[in-house]
Amino acid sequence: MSSAANNSADDIIEIRNLNTRFGSAVVHRNVDLSVHRGEIFALVGGSGCGKSTMLREIIMLQQPVSGSIRVFGQEVIGLTDEQALPLRRHWGMMFERGALFSSLTVTENVAMVIREHTDLGEALANEIAALKIALTGLPPDAGSKYPSELSGGMRKRAALARALALDPELLFLDEPTAGLDPLSACGIDELVRQLRDALGLTIMMVTHDLDLLWRAADRVAVLGEARILGSGTMQELAQSEHPLIREYFYGPRGRGAREQAWNRK
Amino acid sequence: MNASSTPSPAVDLRPGATPRELRCEGAWLLRSAAQTERRIEACLKKLPQPLETEMLIDAHEVSALDTSGAWLLHRLRRTLESGNRTVTFVGLRPEFEALLNMVAARTVGAVSEPTAMPGLLARLGCQAWNALQGMFGLLSFLGVSALALARSVLQPRRVRWRSIFYNLQTAGVQALPITGLLTFLLGIVIAYQGAEQLRRVGANIYIADLVGISMLRELAPLITAIIVAGRSGSAYAAQIGTMKVTEEVDALRTIGIAPLDLLVLPKVLALVIALPLLTVYADIMGVLGGMVMARTQLDVGYITFVDRLEEAVSLTTFMIGIGKAPVFAVIIALVGCYQGFQVDGSAESVGRRTTTSVVQSIFLVILVDALFSIAFSWLKL
């Protein structure tokens, strides 16, 4: 895993010439993208522009047509499940709709991941699971509940707890705040920053939430027309002349979020 | 990949130079947490008793720390602090300190114990109560469905013909091959078993009575019902169950469509039409199987067999067999749909309810068949 690490030591994810097609529809055309160690990177873009597809390609749930995706310096395209296992232990994924196992309680959902990959006893695994659940801001009694008994926001936090189960170095978040009330969403931004600062995580997220972008993201890339339209900090993107980016950031909601971010400063 | 490529130094925790000191070192990570936990226990045993009131934990040598390691450190501190002792960490790197503080701030109370397994008697009582509730639930579902049916009869525009035809296709037409094959084989088996006995007394021609009456009156309706329960009853439970998990049932209600009207009535009506027709088909195939066997085993020709069949099997026998089919159809469709509605949001419960629907509907079909037999013998039919 360290063979290619020297040329781009600080790039946790490195995507080169990525091409994806569904039938005749081109989703990505020669996309290049890199995510540096320790940053909170956000991928944004309109609905159906291929953000989630790219995320799924990085975590090997989907295969692109051609190109190269390196994670921790290792090429992930074409890996077998067995070869992918060590990589998969080093990242956590939070799915948009949680994807919690519905027949297990929240604690069991988290503890299952820990026990699958370590030799911890049940008691300690449950304690660590309870800690992860607490870290995501869920009340202690949430652990014994089943996913169907939780509200949408709580389910999201539980999903985050499961993604953090193995103390990953890299965390993928698919729409972390979608479907949350503003207060919970605000809690999630803080949580994301706190986790990054305390655990040294690298976070890659796909989101529509402009507030989250202004508050949490270090670097943002805008995906559109099957390519990266622009990338940089939010301030840099806000200066961009590209019409689609301008529309995205200066639409009525974008302006509100930006003003809020300014007022805070 | 900093944590995995460099071999992390082994975790260690041991009593320090003075009795009030503990030294911890190494990588406190999830991977080695089990080992770390054992170390902590061993070290706590080695400490001179009674413990000093002010303890120091020297953490200069801690090389890596993740949340699991921080949890173990925090737990160690809590254990030492019991009994009004103070514990101070010395030399912990600032980022580790922050992590430890974060873990401490989000500290978790005692992990709730899993509830103890109830005793045998309690479980027996629980199961009996659940069975009773299930029966009551099924009966009230029957009642609600009957009311919905009555409403549909009064307002025929509410009947969903498209859905009925679709269900006729899937539960009826598509079940033809398997039903035909199985009843044909059943006819062969019965004729073959009967042939042995009849040949002994030279009553070869009565093979037509044997096959005709047993197939038409009992076996064809029963086997058809069992096949349909396995094919369609389970599908109903799984479909409605999944729709419940994905909140589609709630969506229907919100749009103003009664789930009963759209999901249950068409299935019941379609099956009430399809099952008797399937039974007639099963009758024919079963008798055909018997005829083939009668000719090869007993030298009873097709013409002779059919002539005898006309005398042996009355219209009543045929009608009794067909008459049971709609009752079975109602049982199968209602049990399937009822179990589907009982799904409670987990994928596992979809599976459990589907199984229950098949077991329960086959059980009820056979039970009702037995009741029919008793009733008919009273009526001398």
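Proteins get letters first, then strands, A, B, ... in listed order; numbering begins at 1 in each.
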Rounded distance [0.5 Å steps], CG in B:Asp66 versus CG in A:Leu201: 10.5 Å
Counting N and O atoms only, with roles assigned by atom type, does the side chain of A:Ser102 sit under 3.5 Å from a partner on the main chain of B:Ala347, one being a donor and the other an acceptor? yes
Side chain, backbone, both or neither: which part of B:Leu72 has a non-hydrogen atom closer than 4.5 Å to chain A? side chain
How many angstroms lie between CG in A:Leu120 and CD in B:Gln35, if you round to the nearest 0.5 Å? 11.5 Å
Could you tell me whether B:Gln133 atom CD has more than 12 heavy atoms of other residues or ligands within 6.0 Å of it? yes
Is B:Asn101 close to chain A through its backbone or its side chain, or both, or neither, when contacts mean heavy atoms under 4.5 Å? neither
For the CD atom on A:Glu75, are there more than 12 heavy atoms of other groups (residues, nucleotides or ligands in this structure) within a distance under 6.0 Å? yes
Roughly how far apart are B:Trp71 CH2 and A:Leu131 CG, rounded to 0.5 Å? 6.0 Å
Other residues, nucleotides and ligands only: do more than 12 of their heavy atoms fall within 6.0 Å of CZ on A:Arg16? yes
Check whether A:Ile133 gets within reach of chain B through its side chain, its backbone, both or neither, counting any heavy atom under 4.5 Å. neither
Checked B:Ala98, B:Ser32, B:Ala33 vs chain A; the most non-hydrogen pairs under 4.5 Å come from B:Ala33
Would you say the side chain of A:Tyr146 lies within less than 4.5 Å of the side chain of B:Asp344, judging by non-hydrogen atoms? no
Nearest 0.5 angstrom please: A:Asp197 CG to B:Leu99 CG, how far? 11.5 Å
Please examine the side chains of B:Leu30 and A:Arg89, heavy atoms only from C-beta on, and report whether any two atoms are closer than 4.5 Å. no
Is it true that the side chains of A:Asp167 and B:Ser68 contain a donor and an acceptor less than 3.5 Å apart? yes
Below 4.5 Å, heavy atoms only, C-beta onward: do A:Thr118 and B:Arg31 meet side chain to side chain? no
More than 12 heavy atoms from other groups under 6.0 Å of CZ on A:Phe22: yes
